[in-house]
Participant: 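I have a structure I would like to understand better, so I am pasting it below and will then ask my questions one at a time.
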Amino acid sequence: MIGRTIKSYVVEDMLGRGGMGIVYRARDTKLNRPVALKFLHPELVRDEDRRRRFLQEARAASAVNHPAIAQIYDIEESDDDTFIVMEYVDGTTLTQLVARRELDTGSAVEVAIQVGDALAHAHAAGIVHRDIKPDNIMLTKDGHPKILDFGLAKLLDRPSVIRPGAASLAETAAPTQPGMIIGTLSYMSPEQAKGLPADTRSDIFSFGIVLY
C-alpha cells in the first residue's frame with residue numbers, strides 16, 4: 001500500500017490499525033497537503049443499508065466545523081475499497097501525554113474547555129461521537145486539541161449486550177491506536193455498555209471520565 005496512488009492521494013505511511021480498518025498518512029496531490037486516509041473493513045460496509053447509514057452519518061459529521069474537531073474532507077470508493085479522507089493531525093494523544101506526565105492541571109483544564117466547546121457545537125448539530133476517550137483526542141504541536149473520528153463510531157454499533165469481561169464493542173484483538181474507533185469499555189456510558197442507543201449524554205459521560 002505504501003507508495004500507491006489512489007485517486008489523487010499518494011499513500012506515504014501507515015498510522016495505525018483498529019476496529020474500523022487501517023489509517024494511512026497520504027499526500028493530496030491536488031491540494032498539495034497531508035491527509036489521513038481511513039480504509040474501512042469491507043465487512044463494515046458490505047450491508048447496503050448499513051453502508052447507506054454510515055455514509056449519511058459521515059457526511060453529516062463532515063459539515064461540523066470547529067477548530068477542536070478533526071475535519072472529514074471526503075468519502076471515496078476505489079475498486080473494493082471504501083475510505084474516508086480526513087484532516088491529518090500531527091500531534092500526540094492525551095493517552096501518551098498523561099503517561100509521560102506532560103499535561104499539568106492548568107493545561108488539562110484548557111484542553112477540557114476546548115473539547116467541551118467542540119462537543120457542544122457538534123451536539124447542537126445533532127452529531128454524537130460515541131467513542132470519546134484519550135486516544136481519540138490529540139494535541140497538535142502548538143497545543144491545540146483535536147477530537148478524531150467525529151460521527152464515525154456509529155458504524156460499529158452492536159445490538160447485543162457486551163459480555164462481562166469484554167474489552168470493546170469492536171470484534172478485534174488489535175490494540176487501540178490513535179484515531180481508531182474502538183468502543184472502549186472503560187469510557188463507555190452505562191447505556192452503551194448495555195448495547196442501548198447512545199445520544200449526546202453518552203458523550204458527556206465519557207468526557208467526564210476523560211477529564212477525571
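Just so you know, residue 1 is the first one in the sequence shown, and it goes up from there.
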Participant: Report yes if some heavy atom in the side chain of Ile75 is under 4.5 Å from a heavy atom in the side chain of Arg59; otherwise report no.
Facilitator: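 The answer is yes; the side chains approach within 4.5 Å.
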Participant: Side-chain donor-acceptor pairs under 3.5 Å in residues 105-112, sequence neighbours left out?
Facilitator:
from: Ser107; atom 1: OG; to: Asp104; atom 2: OD1; distance (Å): 2.8
from: Glu110; atom 1: OE2; to: Gln114; atom 2: NE2; distance (Å): 3.1

Participant: Does a sphere of radius 6.0 Å around CZ in Arg100 hold more than 12 heavy atoms from other residues, nucleotides or ligands, not counting ones at 6.0 Å or beyond?
Facilitator: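 Counting neighbours around CZ of Arg100, more than 12 heavy atoms of other residues, nucleotides or ligands fall under 6.0 Å, so yes.
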Participant: Could you state the interatomic distance from CD1 (Ile22) to NE2 (His41), rounded to the nearest 0.5 Å?
Facilitator: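 Between atom CD1 of Ile22 and atom NE2 of His41 there are 6.5 Å.
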Participant: Evaluate side-chain contact (heavy atoms from CB on, under 4.5 Å) for Val85 paired with Asp28, printing each intermediate quantity in order.
Facilitator: CA-CA 9 Å; Val85 185; Asp28 182 342; 5.7 Å; no
Participant: With a 4.5 Å heavy-atom cut-off, do Glu191 and Pro197 have their side chains touching?
Facilitator: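 SC-SC contact between Glu191 and Pro197 ruled out.
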Participant: Test Thr140 against Val89 for side-chain contact (heavy atoms from CB on, under 4.5 Å), laying out the working first.
Facilitator: CA-CA 7 Å; Thr140 62; Val89 180; 4.0 Å; yes
Participant: Restricting to side chain to side chain donor-acceptor pair (under 3.5 Å), what partner residues turn up for Thr200, sequence neighbours left out?
Facilitator: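 Side chain to side chain donor-acceptor pair (under 3.5 Å) check on Thr200 returns nothing, list empty.
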Participant: Could you check whether any side-chain N or O of Gln71 sits under 3.5 Å from a backbone N or O of Ser62, counting only pairs where one atom can act as donor and the other as acceptor?
Facilitator: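 Indeed, once roles are kept as given, a pair shorter than 3.5 Å links the two residues.
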Participant: For Ala26, what residues pass the side chain to side chain contact (heavy atoms under 4.5 Å, CB included) criterion, not counting sequence neighbours?
Facilitator: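 Checked Ala26 against side chain to side chain contact (heavy atoms under 4.5 Å, CB included); matches are Tyr9, Val35, Leu37.
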Participant: Looking at every non-hydrogen atom in both residues, tell me the closest pair between Pro134 and Thr95 and how far apart they are.
Facilitator: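 The pair with the smallest heavy-atom distance is CB-OG1, 3.1 Å.
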Participant: Just by modelled atom types, is the Asn136 backbone N or O under 3.5 Å from a matching donor or acceptor in the Lys146 side chain?
Facilitator: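 Judged by distance alone, no pair lies under 3.5 Å.
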Participant: Is there side-chain contact between Val64 and Phe150, with at least one heavy-atom pair below 4.5 Å?
Facilitator: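 In short, these two side chains do not touch, never coming nearer than 4.5 Å.
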Participant: Check Asp74 against Glu76 and note the closest heavy-atom contact, atom names and distance.
Facilitator: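 Answer, listing the atom of Asp74 first, then Glu76: OD2-OE2, 3.4 Å.
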Participant: Using every non-hydrogen atom in the two residues, find where Pro145 and Val115 come nearest and quote the distance to one decimal.
Facilitator: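 Looking at all heavy atoms of both residues, the shortest contact is CB-CG2, 4.0 Å.
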Participant: Can any side-chain N or O of Lys133 pair as donor or acceptor with the backbone N or O of Leu185 at less than 3.5 Å?
Facilitator: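 Answer holds: no.
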Participant: With sequence neighbours left out, what residues match Arg201 under side chain to side chain donor-acceptor pair (under 3.5 Å)?
Facilitator: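 Partners of Arg201 by the side chain to side chain donor-acceptor pair (under 3.5 Å) criterion, ordered by chain and then number, come out as Asp199.
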Participant: Rounded to the nearest 0.5 Å, how far apart are CD of Glu87 and CG of Leu148?
Facilitator: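 The CD atom of Glu87 sits 9.0 Å away from the CG atom of Leu148.
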Participant: How would you list, by chain and number, every residue that makes a salt bridge (charged side-chain N to carboxylate O under 4.0 Å, His left out) with Lys141, sequence neighbours excluded?
Facilitator: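 With neighbours one apart ignored, the set is Asp90.
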Participant: Less than 4.5 Å apart, any side-chain heavy atom of Met14 and any of Tyr24?
Facilitator: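 In contact.
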Participant: Flag the pair Met86 / Asp149 as yes when at least one side-chain heavy-atom distance between them is below 4.5 Å, and no otherwise.
Facilitator: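 A side-chain contact exists here, since the closest heavy-atom pair is under 4.5 Å.
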Participant: Does the plane of the ring in His121 sit parallel, tilted or perpendicular to the ring in His66? Use 30° and 60° as the thresholds.
Facilitator: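 Because their plane-to-plane angle lies in the 30° to 60° range, the rings of His121 and His66 count as tilted.
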Participant: When you compare the side chain of Tyr73 with that of Arg33, does any pair of heavy atoms fall below 4.5 Å?
Facilitator: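 Touching, per the 4.5 Å side-chain cut-off.
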Participant: Counting only N and O atoms by type, is there a donor-acceptor contact under 3.5 Å from the side chain of Ser78 to the main-chain atoms of Asp81?
Facilitator: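 The answer is no, because no donor-acceptor pair under 3.5 Å joins these two groups.
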Participant: Kindly give the heavy-atom pair with the smallest separation between Lys7 and Glu77, and that separation in Å.
Facilitator: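 Scanning both residues completely, I find the closest heavy atoms to be CE-O, 3.1 Å.
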Participant: Go through the side-chain N and O atoms of His123 and Asp203 and say whether any donor and acceptor fall under 3.5 Å apart.
Facilitator: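 There is such a pair (donor and acceptor under 3.5 Å, judged by atom type) between the side chains of His123 and Asp203.
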Participant: Tell me whether the guanidinium CZ or amine NZ of Arg27 lies under 6.0 angstrom from the six-membered ring centre of Tyr88 and within 45° of its axis.
Facilitator: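 No - Arg27 does not lie over the ring of Tyr88 by the 6.0 Å and 45° rule.
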Participant: Can you name the nearest heavy-atom pair linking Phe205 to Met188, along with the distance?
Facilitator: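 That closest heavy-atom pairing would be CE2-O, 3.3 Å.
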Participant: Within the 4.5 Å heavy-atom criterion, are Phe39 and Ile6 side-chain neighbours or not?
Facilitator: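 In short, these two side chains touch, coming nearer than 4.5 Å.
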Participant: Taking the side chain from Ser206 and the backbone from Tyr187, do they hold a donor-acceptor pair closer than 3.5 Å?
Facilitator: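 Present.
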Participant: Write down the atom of Ser186, the atom of Ile209, and the distance for their closest heavy-atom approach.
Facilitator: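 Closest approach of Ser186 to Ile209: O-CD1, 3.7 Å.
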Participant: If I take atom CG from residue Leu211 and atom CD1 from residue Ile132, how far apart are they, to the nearest 0.5 angstrom?
Facilitator: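 One gets 12.5 Å once the value is rounded to the nearest 0.5 Å.
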Participant: Any non-hydrogen side-chain atom of Ile84 less than 4.5 Å from a side-chain atom of Leu40?
Facilitator: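 They are in contact (side-chain heavy atoms under 4.5 Å apart), so the answer is yes.
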Participant: Under the side-chain contact (heavy atoms from CB on, under 4.5 Å) criterion, do Leu119 and Ile204 qualify, and how do the steps go?
Facilitator: CA-CA 8 Å; Leu119 285 174; Ile204 295 170; 5.8 Å; no
Participant: Who pairs with Arg25 by side chain to side chain donor-acceptor pair (under 3.5 Å), at least two apart in sequence or on another chain?
Facilitator: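 Arg25: side chain to side chain donor-acceptor pair (under 3.5 Å) contacts with Glu12.
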